[in-house]
Amino acid sequence: MPRIYSVIAALLFLGSSSWLGGAEASLDGSRDYHSYANPGEVRVTHLDLNLTVNFDKHQLIGSVVHQLERQPGSSKLVLDTRDLQIASVEQGHEGSWTSAEYQMGQPHAALGTPMTITLNSDASAVRINYASDPGASGLDWLAPEQTTGKQNPFLYTQAQAIHARSFIPLQDSPAVRVTYGATIYTPQHMRAVMSAANNPNAPKNGVYSFHMPQPIPSYLIALAVGDLEFQAMGERTGIYAENAILAAAVKEFEDTESMLEAVERRYGDYAWDRYDLLILPPSFPWGGMENPRLSFITPTVIAGDKSLVSLIAHELAHSWSGNTVTNATWRDMWLNEGFTTYLTYRIMEDVYGVDRSNMERVLGYQALQRDIAAKDPADQRLNPDLRGRDPDDGFSDIPYEKGALLVTEMELAVGRKEFDEFLRQYFAHFAFQSITTQDFLDYIEATLVREHPQKLSMARLAQWIEKPGIPAGAPVPESDVFTAIDKVRAAWLGAEIAADDIQTRSWTVHEWRYFLNNLPQRLSSSRLLDLDHAFTLTESSNSEILHSWLLIAIRNDYQRAWPALEEYLTSIGRRKLIVPLYKALLETDKGTATAISVYAKAGSGYHVVARNTISKLFKQ
Ligand code: BES
Ligand code: ZN
């Protein structure tokens with residue numbers, strides 16, 4: 001083609017349907033860009049782990065056996081790995097094992113290293129003998145000092161999104177579901193628990209066996225080993241925790257059984273037998289993780305007054321949205337988190353009343369508005385393009401709160417009764433399957449949209465999913481309780497009343513958070529002292545209230561809070577609570593110096609995921 005024509009062709013291409021549209025067109029929505037695995041040819045259906053937990057070397061050492069389902073003519077199994085030490089690979093046929101050839105590909109910073117195993121035509125299983133790396137991204141090895149009891153070390157795994165591959169060579173895609181078995185060897189007197197059937201009465205003899213009979217995606221495989229005791233809360237619910245916090249945790253989360261019953265009444269039977277909680281040491285980088293049958297929970301929500309138990313409702317709700325119906329790729333995460341956030345509000349309303357759930361909806365909405373202000377428009381879609389990126393990096397409130405708002409809009413359009421029935425059927429229809437956003441759209445088009453063409457439309461859904469921001473006409477959560485807080489705050493800011501005059505005795509944690517989060521960015525030290533003298537905010541023992549207060553303190557160089565800030569950052573590892581504080585510190589030179597000196601002390605106690613996020617902030 002003469003040069004002039006190719007230039008014109010290129011210009012036409014750029015002008016037509018936009019350049020972004022072109023890139024978007026090449027994105028295959030059904031493909032998992034975060035896994036090298038080839039389940040279309042050879043699929044793992046069951047795996048068995050046999051692992052020794054070595055606290056001296058910070059390694060899991062042992063083997064995994066994968067049972068394979070093969071397409072005719074398939075000859076290679078591709079697994080995901082990251083920093084694993086592979087000792088040997090065997091292939092099995094009717095119980096006899098022979099060695100298998102394998103090749104490790106190029107390591108990728110976000111995705112790890114593909115491992116390709118060449119199979120004989122009759123092989124139906126592979127066994128890999130391996131050890132994890134001491135720095136494995138999915139494992140947190142804690143020294144005794146980092147635990148409550150200070151006597152024994154602690155190990156926990158965190159596989160979501162793509163960290164299972166750092167402790168098991170496996171098909172690490174949420175589109176691949178496996179059942180699993182495990183035998184775990186621990187030091188004597190320590191207890192191992194997994195996202196599987198746990199036996200609280202198992203003797204503490206250093207050998208633990210597990211079985212997970214329901215097929216789950218790899219990101220839900222989980223293990224923890226520590227000085228753990230068990231106490232029942234209800235018939236199907238209980239807590240594993242270190243002895244020193246077990247009683248407090250049981251008191252705090254005693255409503256878990258009622259929550260479980262509340263979800264079942266609306267959305268169908270619980271599919272996972274038991275629902276237990278594991279309370280982790282404070283370095284856990286998340287609030288909670290919905291590992292099936294055994295949610296992993298940060299101790300920072302044990303506030304003494306049940307003020308932060310929506311976290312439990314959230315992890316429990318994932319038993320339906322997430323663990324039973326699962327996002328097929330990380331781009332579809334809003335199907336897990338948006339529906340779960342919606343269910344959380346509904347559970348909180350059922351168990352604690354509408355005032356409480358309305359307050360939580362407003363706080364969630366405000367967090368969403370802050371995230372939207374901070375994010376690239378392309379990442380404000382419900383299903384962003386995450387190709388080449390670590391799914392942990394793009395993490396925000398968008399899949400959670402924007403997703404929940406879309407679900408709320410659907411509920412308001414067709415009415416609660418009908419929508420609850422739709423959800424019940426949706427969970428049943430896709431039970432134990434992994435689905436994409438398109439699968440969801442096809443389903444709703446054939447059901448709810450077809451039944452209510454006047455109230456719902458596919459165009460409106462597309463707008464929510466593909467466009468940045470919150471669509472015009474979206475529901476806006478409101479809380480009468482918060483309206484009263486707005487009035488009091490304005491009166492104090494207008495110097496009509498002193499802090500001492502504010503009647504806060506009946507305020508809940510939600511009211512405090514709303515009061516603090518909506519103060520002006522800049523406040524003088526004397527105004528902050530006024531609040532602090534009246535309400536001892538610097539001494540608050542509630543992790544969320546103190547978080548909100550410390551943000552204000554950093555922005556306004558309120559030095560009285562510095563020791564509390566340092567204590568907070570060195571004793572808590574939950575990313576959502578600490579990262580915004582580091583971000584705020586890094587806004588000024590003086591704050592940067594503080595951030596550097598605190599991080600030097602605190603950093604080694606953080607989980608690698610939190611460390612990565614914070615070290616990226618330092619480099620910006
Ligand atoms: N599944 C998530 C945690 C997660 C998300 C881990 C993405 C890794 C990658 C869990 O259910 C969650 O949403 N936790 C929140 C709870 C909150 C929204 C109540 C958290 O940890 O803050
Ligand atoms: Zn969640």
Side-chain angles (χ1 to χ4, degrees), residues 49 51-62 132 134 136-159 163 166-167 182-210 220-233 238-250 252-253 274 276-302 315 571-574 604-610:
L49 295 165
L51 294 171
T52 298
V53 181
N54 190 318
F55 279 102
D56 296 328
K57 295 184 173 162
H58 286 188
Q59 283 183 303
L60 296 179
I61 305 168
S132 63
S137 61
L139 302 177
D140 197 10
W141 299 90
L142 304 180
E145 310 81 78
Q146 291 174 279
T147 66
T148 316
K150 318 247 181 268
Q151 299 301 311
N152 284 290
F154 201 105
L155 162 73
Y156 66 87
T157 65
Q158 168 56 43
H163 300 289
S166 76
F167 58 93
T183 305
I184 306 290
Y185 300 90
T186 73
Q188 291 276 334
H189 311 303
M190 296 188 74
R191 186 191 293 282
V193 289
M194 289 193 85
S195 56
N198 286 286
N199 173 9
N201 301 318
K204 284 192 182 178
N205 61 4
V207 187
Y208 299 89
S209 298
F210 301 94
L220 294 176
I221 297 176
L223 163 72
V225 180
D227 203 353
L228 294 170
E229 303 294 337
F230 175 80
Q231 194 178 322
M233 289 189 290
I239 297 199
Y240 291 90
E242 286 190 66
N243 204 21
I245 51 165
L246 186 57
V250 167
E252 193 82 17
F253 304 134
R274 287 194 59 82
D276 294 318
L277 305 175
L278 168 68
I279 312 301
L280 290 169
S283 69
F284 186 51
W286 296 100
M289 178 65 215
E290 66 271 28
N291 297 316
R293 296 177 183 229
L294 184 66
S295 287
F296 284 21
I297 302 294
T298 173
T300 62
V301 290
I302 304 176
E315 304 315 334
S571 60
I572 293 179
R574 184 176 172 192
S604 63
Y606 296 154
H607 185 283
V608 56
V609 165

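For the single chain, residues carry numbers from 1 onward in sequence order.
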From CA spacing to verdict: side chain to side chain contact (heavy atoms under 4.5 Å, CB included), Val301, Arg574: CA-CA 11 Å; Val301 290; Arg574 184 176 172 192; 4.0 Å; yes

Closest heavy-atom pair and its distance - Ala222, Phe296: CB-CZ, 3.7 Å

Closest contact, heavy atoms only, Phe55 versus Pro187: CD1-CG, 3.6 Å

Heavy-atom pair of closest approach, residues Ile184 and Ala192: CG2-CB, 4.2 Å

Spacing of NE2 belonging to His58 relative to CG belonging to Leu142, to within rounding of 0.5 Å: 8.5 Å

Flag, side chain of Glu242 to backbone of Thr148, donor-acceptor distance under 3.5 Å: yes

Closest heavy-atom pair and its distance - Ser604, Gln146: O-NE2, 4.5 Å

Flag side-chain contact, heavy atom, 4.5 Å: Gln231 against Ile239: no

Derivation of the side chain to side chain contact (heavy atoms under 4.5 Å, CB included) call for Met190 and Leu228: CA-CA 7 Å; Met190 296 188 74; Leu228 294 170; over 6 Å; no

Test item: Trp141 and Val53 side chains (from C-beta on) under 4.5 Å apart, heavy atoms: yes

Between NZ on residue Lys57 and OG on residue Ser132, distance to nearest 0.5 Å: 11.5 Å

Interatomic spacing from CG in Leu294 to CZ in Phe210 - rounded to 0.5 Å: 9.0 Å

Side-chain donor/acceptor of Lys150 to backbone N/O of Pro144, under 3.5 Å: no

side-chain hydrogen bond (donor to acceptor under 3.5 Å, both in side chains) partners of residues 192-207, not counting sequence neighbours, each pair once: Tyr180-Ser195, Lys204-Glu229

Minimum heavy-atom distance Gly138-Ser166, with the two atoms named: N-OG, 2.9 Å

Residue pair Val609, Gln158: steps toward the side chain to side chain contact (heavy atoms under 4.5 Å, CB included) verdict: CA-CA 10 Å; Val609 165; Gln158 168 56 43; 5.8 Å; no

Mutual orientation of the aromatic rings belonging to Phe154 and Tyr156 [parallel < 30°, tilted 30-60°, perpendicular > 60°]: perpendicular

Only distances under 3.5 Å count here; give the side-chain donor-acceptor pairs of residues 277-288 to other protein atoms, sequence neighbours excluded, each with its distance to 0.1 Å.
from   : atom 1 : to     : atom 2 : distance (Å)
Ser283 : OG     : Asp140 : OD2    : 3.1

Listed partners of Thr157 passing side chain to side chain donor-acceptor pair (under 3.5 Å), at least two apart: none

Reported CG-to-CG distance for the pair Leu49 and Leu60, which is rounded to 0.5 angstrom: 9.0 Å

CA sep, side-chain torsions, deciding dist, call: Asn243, Asp227, side chain to side chain contact (heavy atoms under 4.5 Å, CB included): CA-CA 8 Å; Asn243 204 21; Asp227 203 353; over 6 Å; no

Spacing of Thr186 atom OG1 and Arg191 atom CZ [to the nearest 0.5 Å]: 10.0 Å

Separation of Gln151 CD from His189 NE2 (nearest 0.5 Å): 12.5 Å

4.5 Å side-chain heavy-atom contact, Phe230 and Asp276: yes

